[in-house]
Amino acid sequence: MPELPEVETVVRDLRPLLEGRTILSARQSKKKLRRPWKPQWSAEVVGARVAGLRRRGKWILIDVASPTPPGPPSLKGRGEIGTRALCERFDSPNSDSPLPFRAGGVGVLRLHLGMSGQLTVVPKSEPEPDHLHLAFALDNETELRFRDHRRFGAAELFTDRAKLDAEMNAELGPEPFGIGASYFRDAVTGTKRNLKALLLDQTVVAGVGNIYADEALFRAKLNPGRTGASLSEDECERLRVAIEDVMTRAIESRGSTIRDYVGGSGLRGGFQNEFAVYGRTGEPCPACDAPIALARYAGRSSHFCRSCQPLAVSRQQKTARSRKR
DNA sequence: TCGGCCCTGGGG
DNA sequence: CCCCAGGGCCGA
């Protein structure tokens with residue numbers, strides 16, 4: 001489901017709700033995610049303070065100050081948490097004594113929303129939804145909930161932040177904002193893969209998924225089936241700008257909600273109302289009224305305008321060009 | 001480099 | 001029943 005704009009919206013929503021808060025207890029469902037949360041991680045994060053929220057590509061990164069290992073003995077090796085003693089010990093608003101964190105100890109909670117993940121902060125009184133996988137209590141009234149009905153998501157805890165960042169930078173390309181023009185041109189023209197596959201490849205640019213690949217290709221007036229190697233320098237630049245542009249606009253609209261997606265406080269996105277091509281098969285192209293076409297590239301549905309995004313330069317265009325010269 | 005697969009649920 | 005879905009991994 002969620003691509004970069006949706007994940008960014010979740011992070012922005014949750015930042016003020018989570019930063020500085022202490023995780024008081026944790027519980028998890030029995031069903032496994034694609035990358036499952038290990039029960040021992042619950043014990044490790046309880047008592048930890050949320051130091052910050054970040055996004056890298058489609059990944060959500062929650063930096064937490066590690067709980068102290070010596071802590072209360074009852075904490076160790078417990079999968080099930082949530083005792084009153086913990087609440088009182090760590091959440092006393094009057095206590096300004098520093099929490100017993102290991103010096104310099106930092107961990108990162110890394111989440112991926114897969115196709116159907118939702119990460120929200122809600123009142124505990126809200127009825128528990130289906131497919132809830134993880135819940136972290138923040139105080140007596142509020143909890144952070146991660147649900148994912150298709151279970152393609154991921155929730156993991158890493159202890160070495162620098163190592164995790166290095167690993168992610170090795171696996172992911174640059175963020176779509178301010179991509180170097182020469183980097184992008186080389187990445188595109190150096191392969192015979194088609195443009196749709198290129199945009200979906202997280203090592204080329206991080207964060208683009210099926211919706212925004214189609215929308216960016218429409219804005220750049222490029223056919224998803226074109227090979228990277230076939231692009232001119234000018235076309236590469238159009239695509240680079242289109243990606244940045246569509247991502248920026250989508251974030252401004254709080255992402256797109258088609259089925260499941262909600263932001264960190266449960267709000268739906270709004271960019272689905274601005275789709276030019278995605279999910280609009282057969283409807284008129286916003287630029288030329290030709291019906292939007294549907295084809296399959298890189299195993300994914302691809303929506304585009306055959307007239308605005310021609311696969312090959314048409315005879316008419318060739319003629320027009322030669323006349324110009 | 002590509003299809004198949006991991007899941008659940010909704011719609012035709 | 002069939003096919004489809006904002007993603008990504010793994011094996012031919």
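Every heavy atom of this structure was used, including side-chain atoms; hydrogens, water molecules and symmetry mates were not. The shown structure was predicted, so the numbers you read here are calculated from the model rather than taken from an experiment. Order of the sequence lines sets the chain letters (A, B, ...), proteins ahead of strands, with each chain counted from 1.
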Are any of [X]'s side-chain N or O atoms less than 4.0 Å away from OP1 or OP2 of [N]?
X        : N     : value
A:His131 : B:dC7 : no
A:Arg296 : C:dA5 : yes
A:His149 : B:dC7 : no
A:Arg151 : B:dC6 : no
A:Lys31  : B:dC7 : no

Between B:dC7 and C:dG11, how far apart are the P atoms? Round to whole Å, please.
15 Å
Output the single nucleotide from [options] whose closest atom is nearest the side chain of [X].
X        : options              : result
A:Arg259 : B:dG10, C:dC9, B:dC7 : B:dG10
A:Arg193 : B:dT1, B:dG9, B:dC6  : B:dT1
A:Arg34  : B:dC7, C:dC9, C:dA5  : C:dC9

Stepwise, does the side-chain hydrogen bond (donor to acceptor under 3.5 Å, both in side chains) test hold for A:Arg193 with A:Thr227?
CA-CA 5 Å; A:Arg193 300 165 72 192; A:Thr227 66; over 6 Å; no
Could you check whether A:Phe152 and the base of C:dG7 form a stacked pair, meaning centres closer than 5.5 Å and planes differing by less than 30°?
yes
Categorize [X] for me: base, sugar-phosphate, or nothing, with a 4.0 angstrom heavy-atom threshold over every strand shown.
X        : answer
A:Lys192 : nothing
A:Tyr278 : sugar-phosphate
A:Ser301 : sugar-phosphate

When the distance from [atom1] of [X] to [atom2] of [N] is rounded to whole Å, what number comes out?
X        : N     : atom1 : atom2 : result
A:Leu200 : B:dG3 : CG    : C1'   : 15 Å
A:Gln202 : C:dG7 : CD    : P     : 8 Å
A:Arg300 : C:dA5 : CZ    : P     : 8 Å
A:Ile258 : B:dT8 : CD1   : P     : 22 Å
A:Gln118 : B:dG9 : CD    : C1'   : 14 Å
A:Leu172 : C:dG8 : CG    : P     : 9 Å
A:Tyr297 : B:dC2 : OH    : P     : 13 Å
A:Glu3   : C:dG7 : CD    : C1'   : 9 Å

Treating A:Ser302 as the side-chain partner and A:Arg300 as the backbone partner, does any N or O pair qualify as donor plus acceptor under 3.5 Å?
yes
Show the nearest heavy-atom pair for residues A:Lys196 and A:Asn210, with the distance to one decimal.
NZ-OD1, 2.7 Å
Is the ring pair A:His112/A:Trp59 parallel, tilted or perpendicular, if the boundaries are 30 and 60 degrees?
perpendicular
With a 3.5 Å cut-off and just heavy-atom distances, do the side chain of A:Arg150 and the base of B:dC7 make a donor-acceptor pair?
yes
Would you say that A:Cys305 contacts A:Phe218 through its side chain, given a criterion of any heavy-atom pair below 4.5 Å between the two side chains?
yes
Partner of B:dC7 by Watson-Crick or G-U wobble geometry, both contacts under 3.5 Å, or none?
none
Does one side chain, of A:His133 or A:Asp148, offer a donor that lies under 3.5 Å from an acceptor on the other?
no
